[in-house]
Structure formats: C-alpha cells, structure tokens
Amino acid sequence: MSETSEIKKNEVNDEEIELVIKFKKPYKFEGKEISEIDLTGLENITGNDMVQVNKTLSRQGQVPMLQEMQLEYAQEMAARVTGIPVEFFKGLSAKHSMKLKNTVSNFMYGEE
C-alpha cells in the first residue's frame with residue numbers, strides 16, 4: 001500500500017468516529033439543558049481507566065464478557081471521560097443510548 005493510500009485510510013477512519021454526540025432537542029438533567037456530549041476525552045483514556053470501569057461493572061454484577069461492546073460499559077466510560085454522573089447517561093433515550101454505545105465501541109475498536 002502506498003503512503004498516500006495509508007494516509008487517506010487513516011483520515012477516513014478518524015472522520016468516521018465522531019466523538020461529539022449532538023441532540024436534536026436538549027436533554028434535561030439536574031435542572032440543566034444539555035445539547036451535546038463531548039467524548040473527546042476518550043482519546044486520553046489508559047488501560048488503567050479500562051480496568052477501573054471493568055471493576056465497577058463487576059461490582060455491579062455485570063459479566064466481564066466483551067464489556068466494551070455493552071451499553072453499561074459505554075455509560076461508565078462516558079461518565080469517566082466527561083465528569084458527568086453516570087445517571088445522566090442512564091437516562092438518555094434509547095436512540096441516544098445506542099449512539100453512545102456505538103461511539104464508545106467504535107472508538108475502542110477503531111484503527112489509529
């Protein structure tokens with residue numbers, strides 16, 4: 001593969017993983033209206049962050065099987081990288097919950 005092809009491939013992968021989830025209408029949480037979730041903090045997570053999220057889920061009785069593909073994992077990871085309480089993410093609509101799960105999963109499995 002040529003160097004030009006490799007650059008284009010990486011640019012496409014980076015563009016596919018949008019780390020800001022925008023809501024069509026604001027989501028109300030603790031008296032505030034929130035119109036988007038910025039997950040760019042995912043770019044700074046470490047293996048230790050992943051282990052801590054796994055431990056949190058294990059304490060909650062979650063089976064540690066492909067957790068990075070689970071909604072609960074995405075909720076906990078999003079809470080960790082945004083500083084927003086996990087209850088915020090648990091209250092999202094089904095559509096936005098799936099967008100969150102897919103964004104986190106795609107980021108975890110995306111190529112650099």
Side-chain angles (χ1 to χ4, degrees):
M1 181 181 295
S2 73
E3 190 173 321
T4 304
S5 297
E6 184 65 33
I7 291 170
K8 287 180 182 176
K9 178 182 174 195
N10 286 339
E11 286 173 0
V12 169
N13 286 337
D14 289 343
E15 289 175 17
E16 288 176 4
I17 303 172
E18 177 61 45
L19 296 177
V20 177
I21 299 172
K22 297 182 186 215
F23 303 137
K24 288 186 180 179
K25 61 181 184 177
Y27 172 62
K28 293 181 183 178
F29 181 75
E30 294 182 349
K32 296 178 185 175
E33 288 191 350
I34 299 171
S35 59
E36 66 183 29
I37 303 168
D38 183 353
L39 298 173
T40 56
L42 287 170
E43 295 171 347
N44 300 317
I45 61 169
T46 65
N48 186 55
D49 292 317
M50 296 170 70
V51 168
Q52 295 306 313
V53 168
N54 286 337
K55 285 181 179 181
T56 297
L57 293 172
S58 292
R59 284 191 301 271
Q60 295 173 3
Q62 300 290 327
V63 177
M65 196 167 80
L66 290 176
Q67 284 185 335
E68 65 279 1
M69 298 295 290
Q70 303 300 316
L71 177 58
E72 294 89 350
Y73 185 90
Q75 292 168 334
E76 291 289 340
M77 188 58 75
R80 188 172 193 86
V81 302
T82 63
I84 299 171
V86 72
E87 291 77 17
F88 169 88
F89 298 101
K90 290 181 178 185
L92 290 174
S93 69
K95 183 176 182 174
H96 288 119
S97 292
M98 290 305 294
K99 178 77 172 169
L100 174 71
K101 180 188 80 68
N102 291 336
T103 300
V104 172
S105 296
N106 289 341
F107 177 82
M108 293 297 184
Y109 287 107
E111 296 178 24
E112 286 203 29

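Any value given below was found using the heavy atoms of this structure, including those in side chains, with hydrogens, waters and symmetry copies removed.
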Close side-chain approach of L39 and L42, heavy atoms under 4.5 Å: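 The answer is yes; the side chains approach within 4.5 Å.
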
Is there a side-chain contact between V81 and D49 in this structure, where contact means two heavy atoms from C-beta onward sitting under 4.5 Å apart?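 Sidechains of D49 and V81: no contact.
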
How many angstroms lie between atom [atom1] of [X] and atom [atom2] of [Y], to the nearest 0.5 angstrom?
| X | Y | atom1 | atom2 | value |
| --- | --- | --- | --- | --- |
| I37 | F23 | CD1 | CZ | 3.5 Å |
| F88 | T82 | CZ | OG1 | 7.5 Å |
| Y27 | I21 | OH | CD1 | 12.5 Å |
| E18 | F107 | CD | CZ | 12.5 Å |
| M77 | L57 | CE | CG | 9.0 Å |

Using the test salt bridge (charged side-chain N to carboxylate O under 4.0 Å, His left out), find all partners of E30 that sit at least two apart in sequence or belong to another chain.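 Testing E30 for salt bridge (charged side-chain N to carboxylate O under 4.0 Å, His left out), a comparison that skips the adjacent residues, returns none.
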
Holding to salt bridge (charged side-chain N to carboxylate O under 4.0 Å, His left out), I want the full list of residues that pass it with D38, two or more places apart in sequence or in another chain.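 So D38 forms no salt bridge (charged side-chain N to carboxylate O under 4.0 Å, His left out) with any residue.
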
Would L71 and F89 show up in the same hydrophobic cluster when neighbours are defined by side-chain heavy atoms closer than 4.5 Å?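 Unlinked, L71 and F89 end up in two clusters.
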
Verify same cluster id: V86, M50 (apolar side-chain graph, 4.5 Å):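 No; tracing contacts between hydrophobic side chains, which count when under 4.5 Å, never links both residues.
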
How far apart are the closest heavy atoms of [X] and [Y], and which atoms are they?
| X | Y | answer |
| --- | --- | --- |
| S105 | M69 | OG-CA, 3.7 Å |
| L100 | A78 | CD1-CB, 3.7 Å |
| A79 | P85 | CB-C, 4.3 Å |

Check the pair I45 / M108 against side-chain contact (heavy atoms from CB on, under 4.5 Å), numbers first and verdict last. CA-CA 10 Å; I45 61 169; M108 293 297 184; 3.2 Å; yes

Trace of the side-chain contact (heavy atoms from CB on, under 4.5 Å) decision for R80 with Q52: CA-CA 10 Å; R80 188 172 193 86; Q52 295 306 313; 3.6 Å; yes

Option from V104, T103, N106 for which side-chain contact (heavy atoms from CB on, under 4.5 Å) with L19 holds: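 With L19 as partner, side-chain contact (heavy atoms from CB on, under 4.5 Å) holds for just one option, T103.
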
Scan residues 84-101 for pairs that pass side chain to side chain donor-acceptor pair (under 3.5 Å), counting only residues two or more places apart or in two chains.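 Pairs touching residues 84-101 that pass the test: S93-H96.
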
